[in-house]
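Numbers restart at 1 for each chain; the letters A, B, ... are given by sequence-line order, proteins then strands.
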Amino acid sequence: MTWYQQNRRDLPWRGESSPYRVWVSEVLLQQTQVATVVPYYQRFMERFPTVADVSAAPLADVLKMWEGLGYYARARYLHQAAMEIVTQYGGQLPNTYAELRRLPGFGEYTAGAVASIAFGEAVAAIDGNVKRVLSRLFAIQTSVTRQLKQIARELVEQASCLLSLDRQDACPTSPGDWNQALIELGALVCLPKTPRCATCPLNELCQAHQQGLEHVLPLKPVKKKLPHYDVSAAVICQAGQYLIAQRPLKGMLGGLWEFPGGKQESGETLSECLQREIREELGLTIEVEQPIISIKHSYTHFKITLHAFYCHLTEPQTPQTLQVADWQWVTLADMANFAFPRTDLKIIAALQQRD
DNA sequence: GAAGCGTGGAC
DNA sequence: TGTCCAAGCTT
């Protein structure tokens, strides 16, 4: 706790805070690095200062604030939870782990983090940092999940009891500070690849370090290679406007807008692929023209090369919502009002260069 | 318990 | 260029 007090980073969601701000920061930080989150957090708080502001906004506005961040289900769950908090709890976050855990997007970690940091409840908050710190501190190699939960629970309970008996020192005393101290130690000292054991306040207690296992623990599962696909995207122009489509709400990039297209099947040219996809998704017949840009991109479970082509309708036609949530004709300038995945933002940038 | 879900930075 | 992996959650 002394180390944490002296080494904690000054982050926008620390200091003058509120349960809402803690919650938003925790959701943004899920699987996302602090440096990436900071500007998103600032913009999100300006646009949605309170829970009521999020709950009153259309999902499209929340997704727009999430644009480029990834794991877009987080934005949907945050929006859903905000609406529940307004209707069920009068706009105030429930103040216990058990109640928070029932809300969309509140898993064990996030419920534990908000309950401990915002409300002082003595519950554990086990993220990737804490897993790494505790795995090394206790040299845990098997039955990881059960042991870690047990240890983290005992630690936060004991820490809050001990510290409350000993208030004459200036150390932080809350379970929230305890949990954040473990996280901060993992983020700044107990690093995944090159742990800084020489400067670690726990190095003499750390069983992994004593046994020379700090580079081995925690044990990592073997990962398989990501498959690669060629994907095509149609930039369909008509009278200075472009056709964009909204992806289905559930699943990959749910609710985001894109230039329609899809995966190339074997024995198919990119041109044929586009014509098939646009017919299947929107019921349109197109002609494919010149290529615009090809983009390499890696997702969580596969890699793609995305090939964008100028296209036009063979005759006047109205799109149908066969496999898309919605569609819209928009100008280049209008596109700023829709949330796009990274790859499509690159296509838009290419279009602007030609414009 | 495992799979699906984004993106960017570090190395 | 490739790989790892980050303040995880839902199904």
Side-chain angles (χ1 to χ4, degrees), chain A residues 4 8-9 11-14 21-41 63 66-78 80-81 100-118 124-133 143-146 148-149 152 176-188 190-194 215 218 220-228 247-256 258 295-306 339-346:
Chain A
Y4 177 57
R8 58 184 285 174
R9 291 167 290 182
L11 301 172
W13 46 87
R14 288 184 173 159
R21 293 166 71 89
V22 171
W23 171 34
V24 171
S25 72
E26 290 300 342
V27 176
L28 287 167
L29 285 161
Q30 288 167 9
Q31 297 287 283
T32 311
Q33 296 184 344
V34 167
T36 305
V37 166
V38 169
Y40 278 89
Y41 176 81
L63 281 173
W66 224 267
E67 185 182 51
L69 195 61
Y71 286 141
Y72 299 96
R74 290 183 291 176
R76 297 202 306 272
Y77 299 140
L78 185 73
Q80 286 175 32
L100 289 166
R101 186 70 180 75
R102 293 194 205 105
L103 293 167
F106 280 85
E108 289 185 4
Y109 167 76
T110 303
V114 174
S116 63
I117 297 170
I126 307 173
D127 73 334
N129 291 303
V130 176
K131 281 180 190 161
R132 192 168 58 252
V133 169
S143 307
V144 178
T145 306
R146 271 191 59 193
L148 282 181
K149 284 186 187 175
D177 285 324
W178 172 265
N179 286 331
Q180 290 184 87
L182 281 180
I183 292 169
E184 199 80 339
L185 188 68
L188 299 181
C190 196
L191 305 176
K193 293 185 180 177
T194 53
H215 293 276
K220 293 153 211 154
V222 287
K223 290 180 182 171
K224 47 187 173 185
K225 262 187 69 178
L226 303 180
H228 175 273
R247 297 177 61 92
L249 210 56
K250 295 197 172 185
M252 179 109 174
L253 305 169
L256 270 65
E258 65 177 6
I295 299 159
K296 288 178 181 288
H297 192 77
S298 186
Y299 296 106
T300 311
H301 284 78
F302 57 92
K303 295 182 287 188
I304 64 165
T305 305
L306 179 61
F340 290 91
R342 269 295 180 230
T343 49
D344 292 79
L345 289 174
K346 288 180 183 174

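- Neither side chain, A/Arg74 nor A/Thr110, offers a donor N or O lying under 3.5 Å from an acceptor on the other.
- Counting non-hydrogen atoms under 4.0 angstrom, A/Gly68 reaches the backbone sugars and phosphates but no base.
- Between A/Tyr71 and the phosphate of B/dG4, there is no side-chain N or O to OP1/OP2 separation shorter than 4.0 Å.
- Between A/Asn179 atom CG and C/dG8 atom P the separation is 13 Å, expressed in whole Å.
- For the pair A/Lys296 and A/Lys303, the minimum side-chain heavy-atom distance is 4.5 Å or more.
- A/Arg76 comes within 4.0 angstrom of no nucleic acid atom, judged by non-hydrogen atoms across all strands.
- Base contact: A/Arg14 has a heavy atom under 4.0 Å from a base atom.
- Position along DNA chain B of the nearest nucleotide to A/Thr194 versus A/Thr36 favours A/Thr36 as the more 5'-ward residue.
- The shortest distance between the side-chain N/O atoms of A/His297 and the OP1/OP2 oxygens of B/dG6 is not below 4.0 Å.
- Each of C/dT10, C/dA6, B/dT7 was ranked by its minimum atom distance to the side chain of A/Arg101; first place goes to C/dT10.
- A/Arg342 is not listed as a side-chain neighbour of A/Ile295, based on a closest heavy-atom distance of 4.5 Å or more.
- Distances from the side chain of A/Pro192 to the nucleotides C/dA6, C/dA7, C/dC4 place C/dA6 closest.
- Within the nucleic acid shown, A/Leu253 comes within 4.0 Å of sugar-phosphate atoms alone, with no base atom in reach, counting heavy atoms only.
- Side-chain contact between A/Leu256 and A/Trp66 is absent, with no heavy-atom pair separated by less than 4.5 Å.
- Along DNA chain C, the nucleotide nearest to A/Pro104 and the one nearest to A/Val34 differ in position, and the one closer to the 5' end is contacted by A/Val34.
- Atoms NZ (A/Lys346) and C1' (B/dT7) sit 10 Å apart, rounded to a whole Å.
- Residues A/Leu69 and A/Lys193 each lie close to DNA chain B; by heavy-atom proximity, the contact nearer the 5' end of the strand is made by A/Leu69.
- Following rounding to the nearest Å, A/Gln31 (CD) and C/dC9 (P) show an atom-to-atom distance of 9 Å.
- Side-chain contact of A/Tyr109 with A/Gln30: a donor-acceptor pair under 3.5 Å is absent, judged by distance alone.
- Each of C/dA7, C/dT3, B/dA3 was ranked by its minimum atom distance to the side chain of A/Leu11; first place goes to C/dA7.
- Side-chain atoms of A/Tyr77 lie closest to C/dT10 of the nucleotides C/dT10, C/dG8, B/dG8.
- Within 4.0 Å of A/Trp66, counting heavy atoms only, lies no atom of the nucleic acid at all.
- Looking at heavy atoms from C-beta onward, A/Arg8 lies in side-chain contact with A/Asp177 at the 4.5 angstrom threshold.
- Across all strands, A/Gln180 comes closer than 4.0 Å to no nucleic acid atom at all (heavy-atom distances).
- Summarising the geometry, the separation between CG on A/Leu345 and C1' on B/dG8 is reported as 14 Å, rounded to the nearest angstrom.
- With rounding to whole Å, A/Leu148 atom CG is found 13 Å from B/dG1 atom P.
- The distance between atom CG of A/Leu226 and atom C1' of C/dG2, rounded to the nearest whole Å, is 10 Å.
- Atom NZ in A/Lys303 sits roughly 18 Å away from atom P in B/dG6 (whole-Å rounding).
- Checked by distance alone, A/Thr32 brings no side-chain donor or acceptor within 3.5 Å of a matching partner on the base of B/dG8.
- Comparing B/dG9, C/dA7, B/dC5 by their closest approach to the side chain of A/His301 singles out B/dC5.
- For the P atom pair drawn from B/dA3 and C/dA7, the interatomic distance equals 23 Å after rounding to whole Å.
- Closest approach to the A/Lys220 side chain among C/dC5, C/dA7, B/dC5 is made by C/dC5 (side chain taken as heavy atoms from C-beta onward).
- Distance CG (A/Asp344) to C1' (B/dG6): 13 Å, rounded to an integer number of Å.
- Considering only the side chain of A/Arg132, C/dA6 comes nearest among C/dG8, B/dT7, C/dA6.
- Relative ring orientation between A/His297 and A/Tyr299 is described as perpendicular, the plane-to-plane angle rising above 60° on a 0-90° scale split at 30° and 60°.
- Distances from the side chain of A/Tyr299 to the nucleotides C/dA6, B/dT7, C/dT3 place B/dT7 closest.
- With C/dA7, B/dG8, B/dC5 as the choices, the nucleotide that has an atom nearest any side-chain atom of A/Gln33 turns out to be B/dG8.
- With hydrogens and angles left out, the side chain of A/Thr110 and the base of C/dG8 share no donor-acceptor pair within 3.5 Å.
- Between B/dG8 and C/dC9, the distance separating the two P atoms is 22 Å to the nearest Å.
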